[in-house]
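Here is how names work: the chains are called A, B, and so on, in the same order as the sequence lines, proteins then strands, and each is numbered from 1.
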2 protein chains.
Amino acid sequence: MSGVPIGEAARVSGVKVPTIRYYEEVGLLPEPPRTAGNRRFYDEARLRRLTFIRHARELGFEVGAIRTLLDLQDNPGQSCSPADSIARQRLLDVVARIDRLKALQTELERMIAGCSHGTIATCRVIEVLTDHGRCAHPSH
Amino acid sequence: MSGVPIGEAARVSGVKVPTIRYYEEVGLLPEPPRTAGNRRFYDEARLRRLTFIRHARELGFEVGAIRTLLDLQDNPGQSCSPADSIARQRLLDVVARIDRLKALQTELERMIAGCSHGTIATCRVIEVLTDHGRCAHPSH
DNA sequence: CCTACATTCTCCAGCGACTAGAGGAGCAAG
DNA sequence: CTTGCTCCTCTAGTCGCTGGAGAATGTAGG
């Protein structure tokens with residue numbers, strides 16, 4: 001009984017229609033039942049799973065990691081340490097990326113601040129990219 | 001005259017061999033002369049261009065933006081304001097991404113801190129992903 | 001019942017920026 | 001001459017979608 005079609009599922013979950021089909025294709029979302037006219041119908045449980053996926057993607061978990069997290073969710077008696085370590089790994093990635101981006105931010109600000117708005121010949125932005133020695137960034 | 005083969009170009013520029021060929025294919029790097037045996041040979045100017053590209057990629061500029069920056073570099077009499085605005089746009093992207101990642105960091109830390117290392121049934125990580133209401137993150 | 005329109009279906013192609021592999025040719029040293 | 005390295009081209013795969021074509025199905029009004 002009941003359920004909603006894919007467009008409605010997209011609306012309530014915030015996941016676009018083709019993306020929902022894509023998640024089904026890659027095995028994140030189980031194949032839903034179809035109507036007589038071959039249309040997918042999503043029940044509550046599937047909509048919840050879809051929201052789980054969306055939320056996890058927003059936090060930057062990869063599809064592979066989400067698959068594992070969903071498997072874990074399906075077996076609630078297990079230890080949560082795999083879930084914990086996936087989240088910790090993700091946190092490490094995020095922190096590393098923030099550090100990297102902050103260094104880029106500093107470098108970009110230096111480049112831009114040094115720009116005297118003249119011609120390319122004296123442009124600090126081009127200069128820094130051309131001549132590595134002028135770059136304050138140590139890691140490259 | 002002369003120059004170095006692609007492997008050496010890769011070594012000195014820090015760009016991998018297939019990536020150098022890729023840059024040639026997409027028109028970032030002009031086609032270098034070849035030896036009798038059809039091998040690419042890179043002179044100083046090309047190596048400098050390659051390093052420019054690598055540096056720009058490390059700062060996260062897209063290939064399209066780099067193409068523009070290279071064009072500008074080739075015409076040093078022009079105003080540097082396009083270069084400046086590309087860099088400024090990039091800076092905005094970087095800052096926005098940092099903000100986003102910081103919010104993720106907070107959320108992940110909350111998830112992990114709340115994990116009592118029991119079973120999935122009581123796992124805070126899974127719980128937050130499942131039940132959106134427990135998420136402190138306002139933007140999703 | 002007919003028509004118009006919206007929604008959904010499947011399949012296939014493309015994005016960006018590479019990366020990997022097959023299968024072959026060139027080249028330098030022992 | 002053979003070994004082993006580098007290089008060549010070409011194709012296809014990666015990730016996570018996104019878009020389009022062309023057909024079928026569902027719904028609301030007349």
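- Shortest non-hydrogen contact noted between A:V4 and A:A9 is CG2-N, 3.9 Å.
- Distances shown here put a side-chain N or O of B:R21 below 4.0 Å from the OP1 or OP2 atom of D:dC8.
- Atoms CD1 (B:I20) and P (C:dT19) sit 12 Å apart, rounded to a whole Å.
- Between B:R40 and D:dT9 there is a side-chain N or O to OP1 or OP2 distance below 4.0 Å.
- In this structure, B:K16 places its NZ atom 10 Å from P of C:dC18, rounding to the nearest Å.
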Checking A:V15 against A:I53 for the side chain to side chain contact (heavy atoms under 4.5 Å, CB included) test, could you report, in this order, the C-alpha distance in whole Å, the side-chain angles of both residues, the deciding distance, and whether it holds? CA-CA 9 Å; A:V15 179; A:I53 296 169; over 6 Å; no
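- Within 4.0 Å (heavy atoms only), A:Y23 reaches sugar-phosphate atoms of the nucleic acid but no base atom.
- Distances shorter than 4.0 Å separate some side-chain N or O of A:R34 from OP1 or OP2 on C:dT10.
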For B:Y42 and B:V12, what are the C-alpha separation, side-chain angles and deciding distance, and is it a side chain to side chain contact (heavy atoms under 4.5 Å, CB included)? CA-CA 11 Å; B:Y42 296 88; B:V12 308; over 6 Å; no
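- Counting to the nearest Å, the P atom of D:dG16 and the CZ atom of A:R54 are 17 Å from each other.
- For the residue pair B:R46 and B:P33, the shortest heavy atom distance occurs at NH2-CD, 3.8 Å.
- Between the CG atom of A:N38 and the C1' atom of C:dT10 there is a distance of 9 Å, rounded to whole Å.
- Taking atom CD1 of B:I53 as the reference point, atom C1' of C:dA17 lies 13 Å away to the nearest angstrom.
- Look at OH on B:Y22: it is 18 Å from P on D:dG13, rounded to the nearest Å.
- Here C:dT8 is the nucleotide among C:dT8, C:dT19, D:dC7 with the atom lying nearest to any side-chain atom of A:R39.
- One can place CD of B:E25 at 11 Å from P of D:dT11, the figure rounded to the nearest angstrom.
- Taking 4.0 angstrom as the limit, B:R67 places none of its side-chain polar atoms (N or O) nearer than this to OP1 or OP2 of C:dA17.
- In this structure, B:T19 does not reach the C:dA17 phosphate: none of its side-chain N or O atoms is under 4.0 Å from OP1 or OP2.
- A sub-4.0 Å separation between OP1 or OP2 of D:dC17 and a side-chain N or O of A:R57 is present.
- Salt bridge A:R21/A:E24: absent, no basic N to carboxylate O contact under 4.0 Å.
- Nearest-nucleotide positions on DNA chain C place A:G37 closer to the 5' end than the other of B:F61 and A:G37.
- For the pair B:I6 CD1 and C:dA25 C1', the interatomic distance rounds to 16 Å; values are reported in whole Å.
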